[in-house]
Amino acid sequence: MDRKELSHGDTVHDPRDGDAHDDHEDHDSHEGHDSHEGHTPEKFRDRFWLSLVLTLPVVYWSDHIQGLLGYEAVAFPGAAWIPAILGTFVYFYGGWAFLEGAWRELKDRLPGMMTLIALAISVAFIFSWVVDLGFIDASALWWELATLVTIMLLGHWIEMRSIDQAQGALKELAKLLPDTATRVTDSGEEDVPVSELQDGDVILVRPGESVAADGVVRSGSSDVNEAMITGESRLVKKKEGDGVIAGTIAGEGSLRVEVTRTGDETTLSGIMRLVSDAQKSKSRAQHLADRAARLLTGVALGAGVLTLVVWQFLGAPIDFSIVRTVTVLVIACPHALGLAIPLVVSISTTLGAREGLLIRDRRGLEEARSLDIVVFDKTGTLTLGEHRVVEMTVADDVSEDDALRAAAAVESESEHPIARGIVMSARDREIAFPEPQDFRAITGKGVAATVDDVEYQVGGPALLEAESAEVPSSLQDAATTAADRGQAAIYLLRDGRALAVFAVADAIREESHEAVRALQERGIEVAMLTGDARAVAEAVAEELGIDTVFAEVLPEDKASKVKELQAQGKKVAMVGDGVNDAPALATADIGIAIGAGTDVAVEAGHIVLVRSDPRDIPRIVTLSQATYRKMVQNLWWAAGYNIFAIPLAAGVLVGWGILLTPAVGAVLMSASTVVVALNAQLLRRVKL
């Protein structure tokens with residue numbers, strides 16, 4: 001990855017170049033060739049404004065407009081040729097992008113919207129010169145041609161600008177990377193380009209600087225701003241041994257970081273790769289829209305030919321027949337149809353990325369609107385994946401804070417996972433505890449230490465037996481309940497008496513309660529799938545209000561459970577950490593990988609949750625439903641009006657005095673494009 005380019009946000013390297021693609025991506029490249037290849041919003045903007053300036057005199061000196069509005073244009077030698085000369089310039093200058101696009105479509109044997117636009121303006125251009133050179137006695141179509149090209153340029157400018165804005169997430173992510181890094185060597189410090197960093201290098205990150213690569217803090221401490229990567233608004237304390245992410249910003253305090261991942265392997269590059277994949281992938285609705293656009297192209301061409309033949313058969317003047325044919329081709333142009341879906345999904349992809357929802361495959365987002373059941377993995381998804389004190393019972397003369405303070409002080413010298421859980425629980429409650437004195441391990445039973453000149457012991461049932469400790473009945477009952485739930489019961493002893501019992505287990509995330517409740521309120525069933533013992537699983541499910549539990553399931557059998565639910569006719573979302581849950585994630589209708597903040601190399605899911613927050617699942621459903629509504633609205637607006645417009649353009653109501661000119665047809669078609677673009681922008685207002 002060229003870090004220099006990325007840091008300025010001018011160009012975005014696609015990390016997928018040269019990588020293997022999924023089959024559906026190959027299919028996408030065939031189905032959805034890019035008619036805008038090489039085009040930019042600025043190109044359409046510049047051509048629109050100049051074409052507009054040239055179109056005004058074409059319209060002013062048009063005989064048709066003069067007669068319609070009842071004025072007489074300024075006359076001078078050669079004035080009659082102004083529409084032809086300027087109209088020709090508009091055709092070649094303003095219409096060149098459409099002619100190029102049509103050539104690519106025809107070369108790929110996929111005629112579509114560009115082909116129709118090019119055909120319409122070319123027919124008008126040739127016909128107008130034939131008229132002006134005196135070969136046919138009719139009215140030239142210069143003003144219709146010029147206005148058509150100008151309005152088309154406006155519509156495409158709006159489209160390209162909107163899509164460019166929607167793809168801005170990659171550029172914004174790229175700007176997070178610094179140009180250089182301060183590398184620490186035996187001979188001192190040196191500034192080097194980030195592209196030269198290698199695994200194992202140590203870099204210095206000063207206050208206010210961006211971290212140049214993923215790594216592990218070797219010394220120093222700082223509160224790091226990770227909001228741009230994980231969406232977490234709170235600063236994250238980083239100290240020795242903690243991992244840091246490229247692109248995050250150090251607060252007060254400097255860090256010495258050992259580089260562990262550079263280039264395409266960093267978390268930031270992984271996020272960029274996922275966003276890029278999502279913007280290049282296509283949903284089923286997009287494939288449907290592409291096929292509809294090609295079908296409409298065929299219908300328009302057939303209708304145009306039929307219009308010409310029928311009117312000539314009825315004896316209409318050739319100029320009338322040509323005008324009807326051109327109007328049919330113009331009004332049937334499926335450009336708005338082609339814009340209807342990709343613009344909506346591009347905006348939804350960016351909106352999701354800004355909210356910590358990385359949409360790796362758009363089809364997953366599309367399916368989320370009609371979910372029947374969400375299956376959560378337990379460990380690391382609904383729970384923290386770390387031990388905590390989940391319940392505490394104390395003797396009558398002891399407060400919970402005092403008991404946890406003493407236990408945490410004793411356990412602070414231990415490396416056991418349960419000991420760390422007790423210590424972290426005290427820190428979570430912001431309970432300060434002193435350093436213990438005379439710490440010692442009691443083999444197979446627990447640990448002991450002196451805290452504030454008082455000796456305490458902490459351990460399990462074996463410690464009670466060894467110390468012949470007195471245990472109040474309330475503590476015995478609490479320990480029994482913990483054991484029934486598969487939780488560890490850890491006692492705090494002093495002078496042969498149990499002061500407290502701590503139920504230690506994998507703690508449930510605070511956010512999980514809200515996530516489960518929000519899904520159930522939407523009528524979506526929630527299930528839990530875990531390899532843990534049934535007692536442990538059911539205890540977690542009971543606390544969260546989950547009715548369906550699949551416990552003691554081996555990793556290789558998780559996918560089978562998902563298939564069982566699908567066999568019942570349910571649309572299933574699987575939420576897991578993307579490691580042992582990968583088969584289930586791939587099997588589900590929507591695979592949602594959690595844990596992107598630490599590892600975005602999750603390839604099994606359709607959607608990745610940057611924040612590892614289960615509350616983001618209902619937000620995915622909200623985004624999916626809003627996106628689908630916009631798709632349907634745009635498809636109806638883009639294609640529905642053709643049902644009435646094509647017959648009118650062909651002249652079926654000419655007997656009643658209803659006749660559409662090519663310019664009116666251009667206005668109607670371009671108006672549909674503008675409406676589709678504006679309607680898609682309204683998606684940005686959705687509150688997730």
Side-chain angles (χ1 to χ4, degrees), residues 9 12 41 158-176 226-233 247 268 270-286 289 339-371 515 518 522 573 590-594 596-597 600 605-635 675-688:
V12 178
I158 292 174
E159 172 197 358
M160 293 295 292
R161 183 182 176 188
S162 299
I163 292 177
D164 189 63
Q165 290 174 343
Q167 293 177 338
L170 290 179
K171 294 180 180 179
E172 291 303 314
L173 287 172
K175 292 177 183 178
L176 299 177
E226 296 185 341
M228 66 291 295
I229 300 293
T230 66
E232 174 57 62
S233 59
L268 181 61
I271 291 176
M272 292 173 64
R273 183 164 55 251
L274 293 178
V275 174
S276 178
D277 286 347
Q279 290 178 342
K280 292 175 184 294
S281 69
K282 286 193 175 184
S283 64
R284 292 184 180 91
Q286 177 60 59
L339 173 63
I341 301 301
L343 185 53
V344 170
V345 292
S346 292
I347 291 174
S348 66
T349 299
T350 301
L351 182 61
R354 288 175 179 172
E355 295 294 328
L357 312 174
L358 295 183
I359 302 159
R360 181 173 175 266
D361 190 325
R362 289 175 177 172
R363 278 170 283 198
L365 178 63
E366 183 178 307
E367 296 289 340
R369 66 182 176 84
S370 52
L371 277 177
R522 292 170 179 265
I590 305 99
I592 302 173
I594 197 167
V600 295
H606 298 93
I607 301 172
V608 180
L609 304 186
V610 175
R611 283 186 286 253
S612 304
D613 188 340
R615 291 178 299 183
D616 284 338
I617 309 299
R619 300 167 75 208
I620 291 173
V621 178
T622 298
L623 181 60
S624 175
Q625 292 172 342
T627 300
Y628 180 75
R629 282 196 301 271
K630 287 300 175 188
M631 286 182 182
V632 172
Q633 292 167 4
N634 277 358
L635 284 174
V675 170
V676 161
L678 294 177
N679 188 48
Q681 294 297 329
L682 295 177
L683 185 61
R684 298 181 186 276
R685 298 184 178 183
V686 173
K687 300 297 182 182
L688 299 182

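- Taking OG1 of Thr622 as the start and NZ of Lys687 as the end, the distance is 13.0 Å to the nearest 0.5 Å.
- Pairing each heavy atom of Gln633 with each of Asn679, the nearest pair is OE1-ND2, 3.1 Å.
- Taking each heavy atom of Ala680 and Asn634 in turn, the nearest pair found is CB-ND2, 4.0 Å.
- Annotation: the span from Ser624 atom OG to Ile607 atom CD1 amounts to 7.5 Å, rounded to 0.5 Å.
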Inset, instruction - Apply side chain to side chain contact (heavy atoms under 4.5 Å, CB included) to Val344 and Val676, showing your working. - result: CA-CA 9 Å; Val344 170; Val676 161; over 6 Å; no
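- Residues meeting the salt bridge (Lys or Arg N to Asp or Glu O under 4.0 Å) test with Arg369, sequence neighbours left out: none.
- Note that CG of Leu351 and CZ of Arg685 are 13.5 Å apart. Values are rounded to the nearest 0.5 Å.
- Ile592 has its side chain out of reach of His606: every pair of non-hydrogen atoms, C-beta onward, lies at least 4.5 Å apart.
- Contact record, Ile620 with Ala368: CG2-CB, 3.8 Å, taken as the closest heavy-atom pair.
- Annotation: side chain of Asp616 is in contact with side chain of Asp613 (closest heavy-atom distance under 4.5 Å).
- Interatomic distance, Arg615 CZ to Leu609 CG, rounded to the nearest 0.5 Å: 12.0 Å.
- Taking 4.5 Å as the limit, every side-chain heavy atom of Leu623 sits out of range of all side-chain heavy atoms of Val686.
- Pro618 approaches Ala515 most closely through the heavy-atom pair CG-O, 4.0 Å.
- Nearest heavy-atom pair, Arg522 versus Val621, reported as atom, atom and distance to 0.1 Å: NH1-CG1, 3.8 Å.
- Looking at Ser348, its side chain never comes within 3.5 Å of a backbone N or O of Thr627 through a donor-acceptor pair.
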